[in-house]
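What you are looking at is a predicted structure, and each value in this text was computed from that prediction instead of being measured. Note that ligands are numbered from 1 as they come in the structure, with each ligand's atoms numbered from 1 the same way.
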Amino acid sequence: MTDMPDTTLTPDPSHVAEGHPPTDDAAGYYTPGTPLVDTKAPAGPISDRWQTRKFEARLVNPANRRKLDVIIVGTGLAGASAAATMGEAGYVVKSFCYQDSPRRAHSIAAQGGINAAKNYKEDGDSVHRLFYDTVKGGDYRSRESNVYRLAEVSVNIIDQCVAQGVPFAREYGGLLDNRSFGGVQVSRTFYARGQTGQQLLIGAYQALERQVAAGTVTTYTRHEMLELIVVDGKARGIVVRDMVTGAIETHLADVVVLASGGYGNVFYLSTNAMGCNVTAAWRAHRKGAYMANPCYTQIHPTCIPVSGAHQSKLTLMSESLRNDGRIWVPKKKEDCAKDPREIPEADRDYFLERIYPSFGNLVPRDIASRAAKYMCDEGRGVGPEVEGVRRGVYLDFADAIARLGKEGVEEKYDNLLDMYERIAGENPYEVPMRIYPAVHYVMGGLWVDYDLQSTIPGLFVTGEANFSDHGANRLGASALMQGLADGYFVLPHTIRDYLADGPFPEVAADHPAVVEARTAVEKRIEHFLSIGGTRSVDSYHRELGHIMWEYCGMERTEEGLKKAIDLIRSLKDEFNRNLKVLGTADSLNQSLEKAGRVADFFELGELMCIDALNRRESCGGHFRAESQTEDGEALRHDDQFAYVAAWEYAGDKPVLHKEELTYTAIEMKQRSYK
Ligand SMILES: Cc1cc2nc3c(=O)[nH]c(=O)nc-3n(C[C@H](O)[C@H](O)[C@H](O)COP(=O)(O)OP(=O)(O)OC[C@H]3O[C@@H](n4cnc5c(N)ncnc54)[C@H](O)[C@@H]3O)c2cc1C
């Protein structure tokens, strides 16, 4: 990291605005706004709410559907499933992605599996238990009605995918097999070896292509959405750049759906695909869509450790490996440099099994990640030293090989273990793997109501791009479940209630709102190309990521977050003065594409730090060092923070709207996995 100029952007305490609670660390960084209420969530018994909403949502007759245009940005599981279903229903759908094929969406990388409350193992699972596990796993910071709906439709997803031909793993007798993921004591995860995302995406893609052939869906690949068009307060279209020719195009519709994925790459190093970014969501945020809980980031415990300062990508080792692999570090610091095979059993600390005997190696991700960090902070990490610390713990398959045989392990995990060997250069069948936590997923995203509609009427958000159903921590195998639930089963019902008022008045191509959006895109591109500085986009991104990881990563403090905000602001300032983007606007230009994405990451990163500063409690993946129990576990403060933080864009000083979280079907408790 380069030296930073000293900045004095931290607000003076005397500026603390009225309306802030006295303990608000973020006072002065934001303006308190009015409370936010989800007006679409039906009342009544939790198990009836989705049925009620589906029934109450107005219908659109098939003849009228053909007159309604729907734009869907994103072809991952959330977007492809929505586009296929809306196309099948007869709407006129335009589907956008920035990859060269819808099939290359980041969802393809998902390895471990997808949850569903089928109870095939007869081990006590049910819709209610999946609902309960997910709310508890999310540390009681998710919306009860949404999570129940997710658990309810989970069972349909598996049937739908099997009907599409998704090759889920099967048991000897032919029934679908299940395994366990963290934070649960039942086996409810369906999987296709270590390629579940790929197989599910092929299913959704085939359904999408069927609609392309039927003429209901048109796909636009290598097109990047760079602006949202809002006319008379409603989302009516998008501005995109053809990434091959550089042409700027406007596309108009009756409704816009964003299924544009997560923004974990704000940290630079993450397990996300290199292209994942926040631009579609952030452009909508700047146009009025609130951003909810942006600081809730998932740090996944089982990733291949960082090996050096110039790395640009981290690799996930699926959580499914924790079914059979055992996590340990040496008991004695002096053993850390030894060959692990020479460390006797008595000198090994299986720390998750020791600290959390009920859940053992299958505690939720936030808990496993923090425990690994503490072991390394204590000096008991393994692997090569990076900046003076060994940041790794062992994930050991020796017991599993003894129990199942090498073939048994291969059958379940071979592609994952092969991938490890190719990257780490060690054979995991012989030497324990080394793993360390890394950024993996974001629970934050655009705020949506029960109908998945944002605060801009006509803008719906699905999949990882919305603030989702996972509260402050997502349980493994539930992102695929949510993306497909949203796309196949939720959005198609809720969006029709909005579309029942359409078709909306036609928007002319020269409407001032269209011209404004298009001009804004053109000017921004011009700005990046004209700076003519000396530093590459990647170097800014790397430095921003370092700030985020250091101060808004696994552990956050008031002091660190304030420092991060100052550092981000001055780095952003330098970016706008000293960025170097080569090439032109009218051709394929990856550094131009990245410039826009990194500019949006700067603004997002700052908001994440303000959000984390405001939430002086620890919950799930958000660990504030100031708020922990005596034994170092996350300590929530339900009396002060049982809300969704929904941020309205207002330049340097965002406005915070709080949506209160109430639980009627589940009692809020301090989480325990011991
Ligand atoms: C390595 C890895 C493994 C995982 N394994 C699992 C697992 O086993 N189980 C599980 O439940 N979850 C898993 N997850 C999480 C899960 O894969 C993701 O949360 C999920 O796939 C996101 O799906 P999505 O459809 O919301 O977004 P994505 O799949 O990220 O798709 C985003 C789409 O939006 C498009 N897009 C984005 N911005 C723009 C723009 N500006 N213009 C045009 N198009 C745009 C992209 O082109 C893409 O088509 C894993 C995640 C990672 C990183």
* Reference residue Cys303; test side-chain contact (heavy atoms from CB on, under 4.5 Å); the match among Leu269, Thr315, Leu316, Val439 -> Leu316
* Distance-minimising heavy-atom pair for Ala80 and Ala204 -> CB-CB, 3.9 Å
* Considering only heavy atoms, which protein residues lie less than 4.0 Å from any atom of ligand 1? -> Val73, Gly74, Thr75, Gly76, Leu77, Ala78, Phe96, Cys97, Tyr98, Gln99, Ala105, His106, Ser107, Ala109, Ala110, Gln111, Gly112, Gly113, His223, Glu224, Met225, Ala259, Ser260, Gly261, Thr271, Asn272, Ala280, Leu316, His440, Tyr441, Gly463, Glu464, Arg474, Ala477, Ser478, Ala479, Leu480
* Asked: So, do Phe190 and Tyr120 have ring centers that fall under 6.0 Å from each other?
  -> yes
* Residue of the set Arg104, Arg597, Arg222, Met225 for which side-chain contact (heavy atoms from CB on, under 4.5 Å) holds with Tyr98 -> Arg597
* To do: For Lys136, enumerate each residue passing the salt bridge (Lys or Arg N to Asp or Glu O under 4.0 Å) test, keeping only those at least two apart in sequence or located in another chain.
  => none
* Asked: Is there side-chain contact between His223 and Lys94, with at least one heavy-atom pair below 4.5 Å?
  -> no
